[in-house]
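Below is one structure, written out as C-alpha coordinates; the observations come after it.
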2 protein chains.
Amino acid sequence: MISKNRISQIRKLHVKKFRDESQLFIVEGYKSVEMLCSSDFEVEEVFATEAALHDNNWLQRHSPTLITAEEMSRISTMQTPPELLAIAQQRTKLPDIPAEERVLALDHISDPGNLGTIIRTADWFGIQHIVCSPDCVEIYNPKTIQATMGSFAHVYMHKRPLATFLREESARRRILGTFLNGEDIRTLDFRPSDIVVIGNESNGISDEVAQTVTQRITISAAVQDRPTAESLNAAIATALVMYQWLGF
Amino acid sequence: MISKNRISQIRKLHVKKFRDESQLFIVEGYKSVEMLCSSDFEVEEVFATEAALHDNNWLQRHSPTLITAEEMSRISTMQTPPELLAIAQQRTKLPDIPAEERVLALDHISDPGNLGTIIRTADWFGIQHIVCSPDCVEIYNPKTIQATMGSFAHVYMHKRPLATFLREESARRRILGTFLNGEDIRTLDFRPSDIVVIGNESNGISDEVAQTVTQRITISAAVQDRPTAESLNAAIATALVMYQWLGF
(Lines give C-alpha, C1' and ligand atoms only; values in the text may rest on other atoms or scores of the structure.)
Protein backbone atom coordinates (compact mmCIF):
# COMPACT_ATOMS: atom_id res chain seq x y z
CA MET A 1 0.00 0.00 0.00
CA ILE A 2 1.32 3.40 -0.96
CA SER A 3 -0.27 6.81 -0.39
CA LYS A 4 -0.98 9.32 -3.15
CA ASN A 5 1.38 11.66 -1.45
CA ARG A 6 4.21 9.11 -1.46
CA ILE A 7 3.57 8.36 -5.13
CA SER A 8 3.93 12.00 -5.99
CA GLN A 9 7.12 12.27 -3.89
CA ILE A 10 8.66 9.39 -5.81
CA ARG A 11 7.53 10.66 -9.18
CA LYS A 12 9.41 13.87 -8.42
CA LEU A 13 12.57 11.78 -8.32
CA HIS A 14 12.13 11.21 -12.06
CA VAL A 15 13.39 14.80 -12.39
CA LYS A 16 17.03 15.80 -11.80
CA LYS A 17 16.16 18.97 -9.87
CA PHE A 18 14.33 16.99 -7.20
CA ARG A 19 16.99 14.28 -7.08
CA ASP A 20 19.55 17.03 -6.44
CA GLU A 21 17.42 18.62 -3.72
CA SER A 22 16.56 15.43 -1.89
CA GLN A 23 19.83 13.58 -2.58
CA LEU A 24 17.75 10.48 -3.33
CA PHE A 25 17.50 8.32 -6.44
CA ILE A 26 15.50 5.45 -7.93
CA VAL A 27 16.78 1.94 -8.63
CA GLU A 28 14.63 -0.50 -10.63
CA GLY A 29 14.62 -4.20 -11.46
CA TYR A 30 15.77 -7.36 -9.67
CA LYS A 31 19.47 -7.28 -10.45
CA SER A 32 19.94 -3.58 -9.69
CA VAL A 33 17.92 -3.60 -6.46
CA GLU A 34 19.68 -6.75 -5.29
CA MET A 35 23.10 -5.20 -5.95
CA LEU A 36 21.98 -1.97 -4.26
CA CYS A 37 20.84 -3.86 -1.16
CA SER A 38 24.15 -5.69 -0.83
CA SER A 39 26.18 -2.47 -1.16
CA ASP A 40 27.07 0.38 1.21
CA PHE A 41 24.31 2.62 -0.14
CA GLU A 42 21.65 3.71 2.38
CA VAL A 43 18.38 2.21 1.14
CA GLU A 44 15.35 4.25 2.14
CA GLU A 45 12.53 2.02 0.94
CA VAL A 46 12.01 -1.00 -1.29
CA PHE A 47 8.73 -1.43 -3.17
CA ALA A 48 7.74 -4.88 -4.43
CA THR A 49 4.80 -6.34 -6.30
CA GLU A 50 3.49 -9.67 -5.11
CA ALA A 51 5.28 -11.47 -7.94
CA ALA A 52 8.64 -10.20 -6.63
CA LEU A 53 8.14 -11.65 -3.17
CA HIS A 54 7.92 -15.27 -4.31
CA ASP A 55 11.45 -16.31 -5.17
CA ASN A 56 13.43 -13.65 -3.37
CA ASN A 57 14.01 -14.49 0.28
CA TRP A 58 16.80 -11.91 0.54
CA LEU A 59 14.10 -9.27 0.06
CA GLN A 60 12.55 -9.93 3.49
CA ARG A 61 15.58 -8.41 5.21
CA HIS A 62 14.68 -5.09 3.61
CA SER A 63 11.00 -5.12 4.71
CA PRO A 64 9.64 -4.33 1.26
CA THR A 65 6.44 -2.33 0.88
CA LEU A 66 3.95 -4.43 -1.07
CA ILE A 67 2.28 -2.49 -3.87
CA THR A 68 0.13 -3.41 -6.88
CA ALA A 69 1.44 -3.55 -10.46
CA GLU A 70 -0.68 -0.50 -11.18
CA GLU A 71 0.95 1.45 -8.35
CA MET A 72 4.36 0.28 -9.55
CA SER A 73 3.64 1.63 -13.02
CA ARG A 74 2.95 5.04 -11.46
CA ILE A 75 6.27 5.31 -9.61
CA SER A 76 8.44 3.57 -12.22
CA THR A 77 10.42 5.45 -14.87
CA MET A 78 10.35 2.44 -17.18
CA GLN A 79 7.97 1.69 -20.04
CA THR A 80 7.64 -1.86 -18.76
CA PRO A 81 7.45 -1.37 -14.99
CA PRO A 82 9.65 -3.64 -12.86
CA GLU A 83 8.56 -5.86 -9.98
CA LEU A 84 11.08 -4.25 -7.64
CA LEU A 85 11.93 -0.58 -7.15
CA ALA A 86 14.03 1.03 -4.42
CA ILE A 87 14.67 4.55 -3.22
CA ALA A 88 18.21 5.12 -1.95
CA GLN A 89 20.40 7.97 -0.75
CA GLN A 90 23.02 9.35 -3.11
CA ARG A 91 26.62 8.86 -1.99
CA THR A 92 27.93 11.91 -0.15
CA LYS A 93 31.30 10.52 0.88
CA LEU A 94 33.69 8.86 -1.52
CA PRO A 95 37.08 7.28 -0.85
CA ASP A 96 40.14 9.09 -2.19
CA ILE A 97 41.19 8.32 -5.74
CA PRO A 98 44.15 5.93 -5.39
CA ALA A 99 47.39 6.97 -7.05
CA GLU A 100 48.35 3.47 -8.18
CA GLU A 101 45.07 2.20 -9.55
CA ARG A 102 43.55 2.46 -12.99
CA VAL A 103 41.26 5.49 -13.23
CA LEU A 104 38.86 6.35 -16.03
CA ALA A 105 38.08 10.03 -16.72
CA LEU A 106 34.98 11.05 -18.67
CA ASP A 107 34.87 14.42 -20.41
CA HIS A 108 31.28 15.48 -21.07
CA ILE A 109 29.68 12.08 -21.71
CA SER A 110 26.14 13.17 -22.45
CA ASP A 111 24.12 10.03 -23.11
CA PRO A 112 22.81 8.34 -19.94
CA GLY A 113 22.84 4.91 -21.59
CA ASN A 114 26.48 5.35 -22.60
CA LEU A 115 27.46 6.43 -19.08
CA GLY A 116 25.66 3.45 -17.55
CA THR A 117 27.25 1.03 -20.00
CA ILE A 118 30.70 2.52 -19.28
CA ILE A 119 30.15 2.01 -15.53
CA ARG A 120 29.01 -1.59 -16.08
CA THR A 121 32.01 -2.37 -18.28
CA ALA A 122 34.47 -0.66 -15.90
CA ASP A 123 33.06 -2.81 -13.10
CA TRP A 124 33.54 -5.94 -15.23
CA PHE A 125 37.18 -5.01 -15.73
CA GLY A 126 37.68 -4.21 -12.06
CA ILE A 127 38.03 -0.44 -12.43
CA GLN A 128 36.57 1.14 -9.29
CA HIS A 129 37.11 4.86 -9.81
CA ILE A 130 35.65 7.02 -12.55
CA VAL A 131 36.12 10.79 -12.59
CA CYS A 132 33.40 12.74 -14.45
CA SER A 133 33.56 16.32 -15.65
CA PRO A 134 30.78 18.51 -14.22
CA ASP A 135 29.06 18.55 -17.63
CA CYS A 136 28.73 14.77 -17.81
CA VAL A 137 25.17 13.45 -17.67
CA GLU A 138 24.03 12.88 -14.08
CA ILE A 139 25.09 9.59 -12.50
CA TYR A 140 21.72 9.16 -10.76
CA ASN A 141 19.70 9.61 -13.95
CA PRO A 142 17.36 6.57 -13.97
CA LYS A 143 18.51 5.59 -17.48
CA THR A 144 22.13 5.63 -16.34
CA ILE A 145 21.39 3.58 -13.24
CA GLN A 146 19.42 1.09 -15.33
CA ALA A 147 22.16 0.67 -17.93
CA THR A 148 24.71 -0.10 -15.19
CA MET A 149 22.75 -3.28 -14.35
CA GLY A 150 23.68 -2.78 -10.69
CA SER A 151 27.32 -1.84 -11.24
CA PHE A 152 26.65 1.70 -9.96
CA ALA A 153 26.90 0.04 -6.53
CA HIS A 154 30.49 -1.12 -7.13
CA VAL A 155 32.09 1.84 -8.88
CA TYR A 156 32.92 5.19 -7.25
CA MET A 157 31.85 8.11 -9.42
CA HIS A 158 33.81 11.29 -8.65
CA LYS A 159 32.67 14.63 -10.08
CA ARG A 160 35.62 17.00 -10.58
CA PRO A 161 36.64 19.98 -12.72
CA LEU A 162 38.41 17.64 -15.10
CA ALA A 163 41.25 19.76 -16.52
CA THR A 164 42.32 20.87 -13.03
CA PHE A 165 42.22 17.34 -11.67
CA LEU A 166 44.16 15.90 -14.61
CA ARG A 167 46.77 18.66 -14.59
CA GLU A 168 47.56 17.83 -10.97
CA GLU A 169 47.61 14.09 -11.61
CA SER A 170 49.87 14.49 -14.65
CA ALA A 171 52.76 15.30 -12.30
CA ARG A 172 52.88 11.71 -11.14
CA ARG A 173 51.10 9.57 -13.74
CA ARG A 174 50.38 9.44 -17.47
CA ILE A 175 47.16 10.92 -18.85
CA LEU A 176 46.10 8.93 -21.93
CA GLY A 177 43.48 10.53 -24.14
CA THR A 178 41.50 8.87 -26.95
CA PHE A 179 41.73 10.71 -30.26
CA LEU A 180 41.30 9.82 -33.93
CA ASN A 181 45.09 10.07 -34.21
CA GLY A 182 47.48 8.71 -31.61
CA GLU A 183 49.41 5.61 -30.66
CA ASP A 184 47.48 2.45 -31.47
CA ILE A 185 46.22 0.87 -28.23
CA ARG A 186 47.38 -2.52 -29.56
CA THR A 187 51.02 -1.46 -29.32
CA LEU A 188 50.91 0.92 -26.34
CA ASP A 189 52.52 -0.17 -23.05
CA PHE A 190 49.63 0.54 -20.71
CA ARG A 191 50.44 0.95 -16.99
CA PRO A 192 48.23 0.37 -13.97
CA SER A 193 48.88 3.96 -12.86
CA ASP A 194 47.54 5.47 -16.11
CA ILE A 195 44.44 7.60 -16.30
CA VAL A 196 42.44 7.16 -19.51
CA VAL A 197 40.31 10.06 -20.72
CA ILE A 198 37.25 9.48 -22.93
CA GLY A 199 35.65 12.41 -24.74
CA ASN A 200 32.16 13.52 -25.62
CA GLU A 201 30.11 11.41 -28.08
CA SER A 202 30.08 14.06 -30.83
CA ASN A 203 33.00 16.37 -30.08
CA GLY A 204 35.58 14.15 -28.40
CA ILE A 205 37.90 15.51 -25.71
CA SER A 206 37.54 19.26 -25.07
CA ASP A 207 40.48 21.59 -25.79
CA GLU A 208 41.05 22.38 -22.12
CA VAL A 209 41.23 18.71 -21.16
CA ALA A 210 43.26 17.84 -24.27
CA GLN A 211 46.04 20.11 -22.99
CA THR A 212 46.48 17.87 -19.94
CA VAL A 213 46.85 14.68 -22.02
CA THR A 214 50.40 13.35 -21.96
CA GLN A 215 49.85 10.53 -24.49
CA ARG A 216 47.34 10.43 -27.34
CA ILE A 217 45.94 6.99 -28.07
CA THR A 218 43.68 5.62 -30.80
CA ILE A 219 41.77 2.51 -31.82
CA SER A 220 42.57 1.54 -35.40
CA ALA A 221 39.92 0.52 -37.87
CA ALA A 222 40.56 -2.81 -39.56
CA VAL A 223 40.20 -1.75 -43.19
CA GLN A 224 41.32 1.29 -45.13
CA ASP A 225 40.32 0.42 -48.66
CA ARG A 226 36.62 1.28 -48.54
CA PRO A 227 34.30 3.57 -46.54
CA THR A 228 33.56 2.28 -43.05
CA ALA A 229 32.27 3.78 -39.81
CA GLU A 230 33.93 7.11 -39.04
CA SER A 231 33.98 6.56 -35.30
CA LEU A 232 32.98 4.19 -32.54
CA ASN A 233 30.27 4.66 -29.93
CA ALA A 234 31.84 6.17 -26.77
CA ALA A 235 31.00 3.18 -24.57
CA ILE A 236 32.44 0.78 -27.16
CA ALA A 237 35.66 2.79 -27.44
CA THR A 238 35.98 2.84 -23.65
CA ALA A 239 35.47 -0.92 -23.47
CA LEU A 240 38.14 -1.63 -26.08
CA VAL A 241 40.67 0.56 -24.27
CA MET A 242 39.90 -1.13 -20.95
CA TYR A 243 40.16 -4.58 -22.55
CA GLN A 244 43.64 -3.76 -23.81
CA TRP A 245 44.63 -1.97 -20.59
CA LEU A 246 43.67 -4.93 -18.40
CA GLY A 247 45.11 -7.50 -20.76
CA PHE A 248 48.73 -7.59 -19.67
CA MET B 1 6.75 22.60 -48.41
CA ILE B 2 5.13 19.33 -47.47
CA SER B 3 1.44 18.37 -47.63
CA LYS B 4 -0.55 17.13 -44.66
CA ASN B 5 -1.08 13.92 -46.51
CA ARG B 6 2.67 13.40 -47.02
CA ILE B 7 3.32 14.15 -43.33
CA SER B 8 0.84 11.47 -42.33
CA GLN B 9 2.40 8.99 -44.82
CA ILE B 10 5.81 9.55 -43.28
CA ARG B 11 4.55 9.39 -39.71
CA LYS B 12 3.20 5.94 -40.54
CA LEU B 13 6.78 4.86 -41.16
CA HIS B 14 7.43 5.33 -37.43
CA VAL B 15 5.52 2.05 -37.06
CA LYS B 16 6.98 -1.33 -38.06
CA LYS B 17 3.77 -2.58 -39.68
CA PHE B 18 3.77 0.26 -42.19
CA ARG B 19 7.51 -0.03 -42.81
CA ASP B 20 6.95 -3.71 -43.63
CA GLU B 21 4.03 -2.94 -45.95
CA SER B 22 5.69 -0.10 -47.82
CA GLN B 23 9.26 -1.47 -47.67
CA LEU B 24 10.40 2.06 -46.85
CA PHE B 25 12.29 3.46 -43.85
CA ILE B 26 13.40 6.75 -42.29
CA VAL B 27 16.99 7.98 -41.97
CA GLU B 28 17.75 11.07 -39.85
CA GLY B 29 20.67 13.40 -39.23
CA TYR B 30 23.58 14.68 -41.36
CA LYS B 31 25.96 11.77 -41.04
CA SER B 32 23.34 9.08 -41.65
CA VAL B 33 21.65 10.81 -44.58
CA GLU B 34 25.04 11.56 -46.16
CA MET B 35 26.11 7.92 -45.86
CA LEU B 36 22.71 6.81 -47.19
CA CYS B 37 23.04 9.08 -50.22
CA SER B 38 26.48 7.74 -51.08
CA SER B 39 25.35 4.10 -50.83
CA ASP B 40 23.45 1.74 -53.13
CA PHE B 41 20.15 2.32 -51.30
CA GLU B 42 17.32 3.81 -53.38
CA VAL B 43 16.55 7.18 -51.83
CA GLU B 44 12.95 8.25 -52.30
CA GLU B 45 13.02 11.76 -50.88
CA VAL B 46 15.29 13.97 -48.77
CA PHE B 47 13.77 16.63 -46.51
CA ALA B 48 15.94 19.52 -45.33
CA THR B 49 15.43 22.59 -43.20
CA GLU B 50 16.99 25.82 -44.41
CA ALA B 51 19.86 25.42 -41.94
CA ALA B 52 20.83 22.14 -43.59
CA LEU B 53 21.19 23.66 -47.05
CA HIS B 54 23.96 26.10 -46.11
CA ASP B 55 27.09 24.01 -45.76
CA ASN B 56 26.08 20.90 -47.65
CA ASN B 57 26.62 21.21 -51.36
CA TRP B 58 26.40 17.45 -51.84
CA LEU B 59 22.73 17.77 -50.88
CA GLN B 60 21.83 19.59 -54.10
CA ARG B 61 22.38 16.39 -56.09
CA HIS B 62 19.47 14.86 -54.20
CA SER B 63 17.02 17.74 -54.82
CA PRO B 64 15.98 18.08 -51.18
CA THR B 65 12.49 19.21 -50.29
CA LEU B 66 12.77 22.34 -48.15
CA ILE B 67 10.57 22.19 -45.04
CA THR B 68 10.31 24.23 -41.83
CA ALA B 69 11.70 23.09 -38.48
CA GLU B 70 8.12 22.70 -37.31
CA GLU B 71 7.31 20.39 -40.22
CA MET B 72 10.53 18.46 -39.54
CA SER B 73 9.47 17.92 -35.92
CA ARG B 74 6.24 16.34 -37.18
CA ILE B 75 7.90 13.77 -39.44
CA SER B 76 10.92 13.06 -37.22
CA THR B 77 11.06 10.18 -34.74
CA MET B 78 13.62 12.03 -32.62
CA GLN B 79 13.06 14.16 -29.54
CA THR B 80 15.41 16.76 -30.97
CA PRO B 81 14.42 16.82 -34.64
CA PRO B 82 17.27 16.75 -37.18
CA GLU B 83 17.91 19.19 -40.01
CA LEU B 84 17.97 16.38 -42.56
CA LEU B 85 15.66 13.40 -42.95
CA ALA B 86 15.41 10.91 -45.81
CA ILE B 87 12.98 8.24 -46.88
CA ALA B 88 14.62 5.25 -48.57
CA GLN B 89 13.68 1.82 -49.88
CA GLN B 90 14.60 -1.20 -47.81
CA ARG B 91 17.10 -3.57 -49.40
CA THR B 92 15.38 -6.39 -51.22
CA LYS B 93 18.44 -8.04 -52.75
CA LEU B 94 21.52 -8.96 -50.76
CA PRO B 95 24.79 -10.49 -51.96
CA ASP B 96 25.51 -14.09 -50.94
CA ILE B 97 27.21 -14.61 -47.60
CA PRO B 98 30.86 -15.29 -48.46
CA ALA B 99 32.35 -18.54 -47.18
CA GLU B 100 35.77 -17.09 -46.40
CA GLU B 101 34.82 -13.85 -44.68
CA ARG B 102 34.10 -13.05 -41.05
CA VAL B 103 30.37 -13.28 -40.35
CA LEU B 104 28.55 -12.18 -37.22
CA ALA B 105 25.33 -13.99 -36.23
CA LEU B 106 22.84 -12.39 -33.83
CA ASP B 107 20.43 -14.59 -31.90
CA HIS B 108 17.42 -12.57 -30.74
CA ILE B 109 19.10 -9.21 -30.07
CA SER B 110 16.10 -7.25 -28.84
CA ASP B 111 17.29 -3.71 -28.10
CA PRO B 112 17.35 -1.44 -31.17
CA GLY B 113 20.22 0.64 -29.75
CA ASN B 114 22.31 -2.47 -29.19
CA LEU B 115 21.65 -3.70 -32.73
CA GLY B 116 22.58 -0.32 -34.19
CA THR B 117 25.76 -0.13 -32.12
CA ILE B 118 26.72 -3.66 -33.18
CA ILE B 119 26.27 -2.70 -36.86
CA ARG B 120 28.38 0.45 -36.38
CA THR B 121 31.15 -1.47 -34.63
CA ALA B 122 31.10 -4.30 -37.20
CA ASP B 123 31.49 -1.68 -39.92
CA TRP B 124 34.47 -0.14 -38.06
CA PHE B 125 36.12 -3.56 -37.98
CA GLY B 126 35.35 -4.24 -41.62
CA ILE B 127 32.75 -6.95 -41.08
CA GLN B 128 30.23 -6.67 -43.90
CA HIS B 129 27.79 -9.50 -43.25
CA ILE B 130 25.57 -9.94 -40.20
CA VAL B 131 22.99 -12.72 -40.01
CA CYS B 132 20.02 -12.02 -37.71
CA SER B 133 17.54 -14.53 -36.33
CA PRO B 134 13.93 -13.72 -37.26
CA ASP B 135 13.23 -12.64 -33.65
CA CYS B 136 15.94 -9.96 -33.66
CA VAL B 137 14.66 -6.41 -33.43
CA GLU B 138 13.94 -4.94 -36.87
CA ILE B 139 16.92 -3.53 -38.77
CA TYR B 140 14.88 -0.59 -40.08
CA ASN B 141 13.66 0.49 -36.64
CA PRO B 142 14.49 4.23 -36.50
CA LYS B 143 16.42 3.77 -33.23
CA THR B 144 18.53 1.05 -34.82
CA ILE B 145 19.24 3.13 -37.90
CA GLN B 146 20.16 6.10 -35.73
CA ALA B 147 22.54 4.12 -33.53
CA THR B 148 24.40 2.84 -36.62
CA MET B 149 25.48 6.45 -37.40
CA GLY B 150 25.22 5.62 -41.08
CA SER B 151 26.88 2.21 -40.96
CA PHE B 152 23.59 0.53 -41.94
CA ALA B 153 24.57 1.61 -45.45
CA HIS B 154 27.81 -0.45 -45.41
CA VAL B 155 26.80 -3.67 -43.69
CA TYR B 156 24.57 -6.36 -45.21
CA MET B 157 21.94 -7.56 -42.75
CA HIS B 158 20.65 -11.04 -43.58
CA LYS B 159 17.56 -12.42 -41.84
CA ARG B 160 17.68 -16.23 -41.58
CA PRO B 161 16.33 -19.05 -39.42
CA LEU B 162 19.54 -19.05 -37.43
CA ALA B 163 19.89 -22.66 -36.26
CA THR B 164 19.28 -23.98 -39.79
CA PHE B 165 21.75 -21.55 -41.32
CA LEU B 166 24.46 -22.28 -38.75
CA ARG B 167 23.98 -26.06 -38.95
CA GLU B 168 24.66 -25.90 -42.69
CA GLU B 169 27.63 -23.58 -42.27
CA SER B 170 29.16 -25.73 -39.54
CA ALA B 171 30.03 -28.34 -42.18
CA ARG B 172 32.72 -26.03 -43.54
CA ARG B 173 33.57 -23.45 -40.87
CA ARG B 174 33.68 -23.04 -37.09
CA ILE B 175 30.69 -21.63 -35.24
CA LEU B 176 31.93 -19.73 -32.17
CA GLY B 177 29.32 -18.91 -29.54
CA THR B 178 29.70 -16.48 -26.61
CA PHE B 179 28.86 -18.05 -23.24
CA LEU B 180 29.73 -17.37 -19.61
CA ASN B 181 31.99 -20.44 -19.81
CA GLY B 182 34.20 -21.23 -22.75
CA GLU B 183 37.66 -20.65 -24.13
CA ASP B 184 38.97 -17.18 -23.28
CA ILE B 185 38.96 -15.00 -26.41
CA ARG B 186 42.44 -13.77 -25.45
CA THR B 187 43.91 -17.23 -26.11
CA LEU B 188 41.66 -18.50 -28.90
CA ASP B 189 43.08 -18.82 -32.42
CA PHE B 190 40.41 -16.94 -34.34
CA ARG B 191 40.12 -17.60 -38.06
CA PRO B 192 38.79 -15.36 -40.83
CA SER B 193 36.34 -18.08 -41.79
CA ASP B 194 34.75 -18.24 -38.31
CA ILE B 195 31.17 -17.26 -37.60
CA VAL B 196 30.66 -15.64 -34.18
CA VAL B 197 27.23 -15.96 -32.54
CA ILE B 198 26.03 -13.38 -30.01
CA GLY B 199 23.01 -14.16 -27.83
CA ASN B 200 20.06 -12.26 -26.43
CA GLU B 201 20.69 -9.49 -23.86
CA SER B 202 19.00 -11.36 -21.00
CA ASN B 203 19.00 -15.00 -21.98
CA GLY B 204 22.11 -15.45 -24.11
CA ILE B 205 22.18 -17.94 -26.98
CA SER B 206 19.03 -20.04 -27.36
CA ASP B 207 19.20 -23.82 -26.87
CA GLU B 208 18.49 -24.54 -30.53
CA VAL B 209 21.28 -22.25 -31.72
CA ALA B 210 23.64 -23.42 -28.95
CA GLN B 211 23.49 -26.93 -30.46
CA THR B 212 25.09 -25.65 -33.65
CA VAL B 213 28.02 -24.00 -31.84
CA THR B 214 31.29 -25.87 -32.43
CA GLN B 215 33.42 -23.78 -30.02
CA ARG B 216 32.26 -21.98 -26.87
CA ILE B 217 34.10 -18.72 -26.18
CA THR B 218 34.04 -16.29 -23.27
CA ILE B 219 35.34 -12.88 -22.19
CA SER B 220 37.05 -13.10 -18.81
CA ALA B 221 36.45 -10.56 -16.08
CA ALA B 222 39.62 -8.99 -14.70
CA VAL B 223 39.03 -9.62 -10.98
CA GLN B 224 37.66 -12.55 -9.05
CA ASP B 225 38.17 -11.43 -5.45
CA ARG B 226 35.16 -9.14 -5.06
CA PRO B 227 31.71 -8.75 -6.60
CA THR B 228 31.76 -7.13 -10.03
CA ALA B 229 29.38 -6.92 -12.99
CA GLU B 230 27.80 -10.28 -13.76
CA SER B 231 27.77 -9.73 -17.49
CA LEU B 232 28.58 -7.30 -20.25
CA ASN B 233 26.18 -5.37 -22.45
CA ALA B 234 25.61 -7.35 -25.69
CA ALA B 235 27.08 -4.65 -27.94
CA ILE B 236 30.15 -4.36 -25.69
CA ALA B 237 30.70 -8.13 -25.72
CA THR B 238 30.38 -8.18 -29.51
CA ALA B 239 32.90 -5.35 -29.85
CA LEU B 240 35.47 -7.10 -27.64
CA VAL B 241 35.17 -10.32 -29.63
CA MET B 242 35.53 -8.44 -32.92
CA TYR B 243 38.54 -6.53 -31.58
CA GLN B 244 40.29 -9.79 -30.73
CA TRP B 245 39.13 -11.50 -33.93
CA LEU B 246 40.50 -8.73 -36.17
CA GLY B 247 43.69 -8.30 -34.18
CA PHE B 248 45.96 -10.91 -35.70
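Every chain is numbered from 1, with letters handed out A, B, ... down the list of sequences.
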Minimum heavy-atom distance [X]-[Y], with the two atoms named:
X: A:Thr117; Y: B:Asn233; result: CG2-CB, 4.0 Å
X: A:Ile236; Y: B:Ala239; result: CG2-CB, 3.6 Å
X: A:Phe125; Y: B:Ser220; result: CE2-O, 4.4 Å
X: B:Ala222; Y: A:Leu246; result: CB-CD1, 3.7 Å

Kindly check if the number of other-residue, nucleotide or ligand heavy atoms within 6.0 Å of [atom1] ([X]) is above 12?
X: A:Asp96; atom1: CG; value: no
X: A:Glu50; atom1: CD; value: no
X: B:Asp189; atom1: CG; value: yes
X: A:Glu101; atom1: CD; value: yes
X: B:Asp207; atom1: CG; value: no
X: B:Lys143; atom1: NZ; value: no
X: B:Gln215; atom1: CD; value: yes

Within the side chain of B:Arg120, is there an N or O that forms a donor-acceptor pair under 3.5 Å with the backbone of A:Leu232? yes
So do B:Trp124 and A:Glu230 actually touch side chain to side chain, heavy atoms under 4.5 Å? no
Side chain, backbone, both or neither: which part of [X] has a heavy atom under 4.5 Å from chain A?
X: B:Met242; value: neither
X: B:Ile219; value: both
X: B:Thr121; value: both

Between [options], which shows the greatest number of heavy-atom pairs under 4.5 Å with chain A?
options: B:Gly126, B:Ser231, B:Gly150; answer: B:Ser231
options: B:Ile127, B:Ile185, B:Val155; answer: B:Ile185
options: B:Arg226, B:Met35, B:Lys31; answer: B:Arg226

Looking at A:Ala235, A:Pro227, A:Ser151, which makes the most heavy-atom pairs under 4.5 Å with chain B? A:Pro227
What verdict does the side-chain contact (heavy atoms from CB on, under 4.5 Å) test give for B:Glu201 and A:Met149, after you've listed the backbone C-alpha separation in whole Å, the side-chain angles of each residue and the deciding distance to 0.1 Å? CA-CA 12 Å; B:Glu201 288 90 340; A:Met149 291 294 281; over 6 Å; no
Engaged part of A:Thr148 at the chain B interface, taking heavy atoms whose separation is under 4.5 Å: neither
